[in-house]
Amino acid sequence: MNFEKNIFINCPIDQEFIDNLLKPILFIVIKNGFNPRLSLEISDSGQSRLLKITDIIKNCKYSIHDISKVKSKAIHEFSRMNMPFELGIDYGIRYSGLENFVAKHFLILEAEKYEYMQALSDISGFDTKAHKNETKELFKCLYSWFSETLKINRQDPPRKYLMTLCNSIHGYSMKSYFNIKMKL
């Protein structure tokens, strides 16, 4: 795969996230002509998971890091630290001094703006985008990042992406999609 067209997607892998946020991320990445790369794509039991992830990161010029689940929701539930850890690996590679990696770019997503600072204050000052755990807000974040950072100016507007996604993946109209989500 081509380093220039690869985007590492670092996100929680639970059904709720997959349905509401990962599928839309994959849709936009592919629609804009890029290759999504996830840790799940390699299942070599003879290689450590961390090495697999590091290899994928090294082969991606771009990364989308979703750190929206660093906060536990219930008593005795642990925080999800894999995503911030993998962001740290990517950051280290970017600033390793190796010429190929200086050109790496990140999008850091969170649920609520600046919420990450309570758990990961070392990245304070980074330009994050907040999706509020909503597909519609996520599309706005992705549209903005692809326009500002990747300089893709001929994208469909976020609302059109959302409608296309609903029709193609779910087979419903946008209104039906939101009615179903509201019932869940």
Side-chain angles (χ1 to χ4, degrees), residues 7-32 34 36-40 60 62-75 77-88 90-91 105-153 155-184:
I7 299 179
F8 173 61
I9 300 170
N10 171 24
C11 65
I13 306 295
D14 59 58
Q15 200 57 53
E16 180 184 9
F17 192 91
I18 290 169
D19 291 340
N20 296 327
L21 300 170
L22 180 56
K23 286 179 182 177
I25 290 171
L26 294 172
F27 178 79
I28 296 290
V29 167
I30 293 167
K31 186 100 167 118
N32 280 312
F34 289 84
R37 305 286 312 272
L38 292 111
S39 63
L40 299 175
C60 296
Y62 305 102
S63 299
I64 297 172
H65 298 276
D66 189 294
I67 58 172
S68 62
K69 293 206 175 187
V70 296
K71 183 178 178 181
S72 55
K73 292 181 180 178
I75 296 174
E77 179 182 61
F78 290 96
S79 301
R80 302 285 300 273
M81 292 291 116
N82 289 0
M83 284 65 62
F85 183 71
E86 292 169 25
L87 168 60
D90 205 359
Y91 183 85
H105 295 282
F106 309 149
L107 168 60
I108 302 173
L109 295 168
E110 57 182 327
E112 301 298 327
K113 195 72 171 162
Y114 305 119
E115 187 175 53
Y116 75 90
M117 291 178 70
Q118 296 174 36
L120 197 58
S121 61
D122 284 351
I123 66 168
S124 117
F126 280 32
D127 187 21
T128 64
K129 297 195 183 303
H131 54 58
K132 301 176 185 173
N133 292 318
E134 296 175 11
T135 306
K136 182 179 172 185
E137 291 300 317
L138 174 67
F139 275 124
K140 291 177 187 176
C141 296
L142 293 170
Y143 181 85
S144 173
W145 186 66
F146 273 93
S147 296
E148 296 163 359
T149 304
L150 282 69
K151 306 299 183 204
I152 297 177
N153 298 318
Q155 299 178 79
D156 288 334
R159 182 177 172 85
K160 185 171 182 183
Y161 273 140
L162 182 59
M163 290 170 42
T164 304
L165 175 69
C166 293
N167 289 330
S168 64
I169 290 181
H170 301 286
Y172 320 94
S173 68
M174 190 168 70
K175 183 178 179 186
S176 298
Y177 178 69
F178 284 110
N179 285 340
I180 288 168
K181 286 185 67 146
M182 296 302 269
K183 291 178 186 175
L184 297 177

Kindly indicate, with the supporting measurements, whether the criterion ring-ring contact (aromatic ring centres under 6.0 Å, His included) is fulfilled by Phe8 and Tyr62.
-> CA-CA 6 Å; Phe8 173 61; Tyr62 305 102; over 10 Å; no

Go through the steps to decide whether Phe34 and Ile152 satisfy the test side chain to side chain contact (heavy atoms under 4.5 Å, CB included), and finish with yes or no.
-> CA-CA 11 Å; Phe34 289 84; Ile152 297 177; 3.3 Å; yes

Yes or no on side chain to side chain contact (heavy atoms under 4.5 Å, CB included) for Leu109 and Ile67, after CA distance, side-chain angles and deciding distance?
-> CA-CA 6 Å; Leu109 295 168; Ile67 58 172; over 6 Å; no

Quick one: do Leu38 and Leu26 satisfy side chain to side chain contact (heavy atoms under 4.5 Å, CB included)? Show the steps, please.
-> CA-CA 10 Å; Leu38 292 111; Leu26 294 172; 3.8 Å; yes

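Under the rule for a salt bridge (charged side-chain N to carboxylate O under 4.0 Å, His left out), the partners of Glu148 that lie at least two apart in sequence or sit in another chain are Lys129. Residues meeting the salt bridge (charged side-chain N to carboxylate O under 4.0 Å, His left out) test with Glu137, sequence neighbours left out: Lys140. For Ile30, the side chain to side chain contact (heavy atoms under 4.5 Å, CB included) partners are Pro36, not counting sequence neighbours. Every residue meeting the salt bridge (charged side-chain N to carboxylate O under 4.0 Å, His left out) condition with Asp90, not counting sequence neighbours, appears here in chain and number order: Lys104. Residues forming a side chain to side chain donor-acceptor pair (under 3.5 Å) with Asp66 (at least two apart in sequence, or on another chain): Ser68, His131. With sequence neighbours excluded, the residues that form a side chain to side chain contact (heavy atoms under 4.5 Å, CB included) with Tyr91 are Tyr95, Phe106, Phe126.
Of all non-hydrogen atoms in Asn10 and Leu87, the two that sit nearest each other are ND2-N, 3.7 Å. Cys141 and Ala130 make their closest contact through SG-O, 3.3 Å (heavy atoms, listed as atom of the first residue, atom of the second, distance). The nearest pair of heavy atoms linking Thr135 to Leu21 is N-CD2, 4.2 Å. Contact detail for Cys11 and Phe17: the closest heavy-atom pair is CB-CE2, 3.3 Å.
Counting heavy atoms from C-beta on, the side chains of Phe146 and Val29 come closer than 4.5 Å. Side-chain contact between Lys132 and Glu112: present, with at least one pair of heavy atoms (C-beta onward) separated by less than 4.5 Å. Between Asn133 and Asn20, every side-chain heavy-atom pair lies at or beyond the 4.5 Å cut-off. Between Trp145 and Asp127 there is no side-chain heavy-atom pair separated by less than 4.5 Å. The shortest distance between side-chain heavy atoms of His65 and Glu110 does not fall below 4.5 Å. Within the 4.5 Å cutoff, the side chain of Ile28 has no heavy atoms near those of the Lys31 side chain.
Summarising the geometry, atom OG belonging to Ser39 is positioned 6.0 Å from atom CD1 belonging to Ile13; distances are rounded to the nearest 0.5 Å.
Remark: the Asn82 side chain and the Glu86 side chain contain no N/O donor-acceptor pair separated by less than 3.5 Å.
Results of the side chain to side chain contact (heavy atoms under 4.5 Å, CB included) test with Leu107 over Leu142, Leu150, Thr128, Thr149 single out Leu142 as the only residue that passes.
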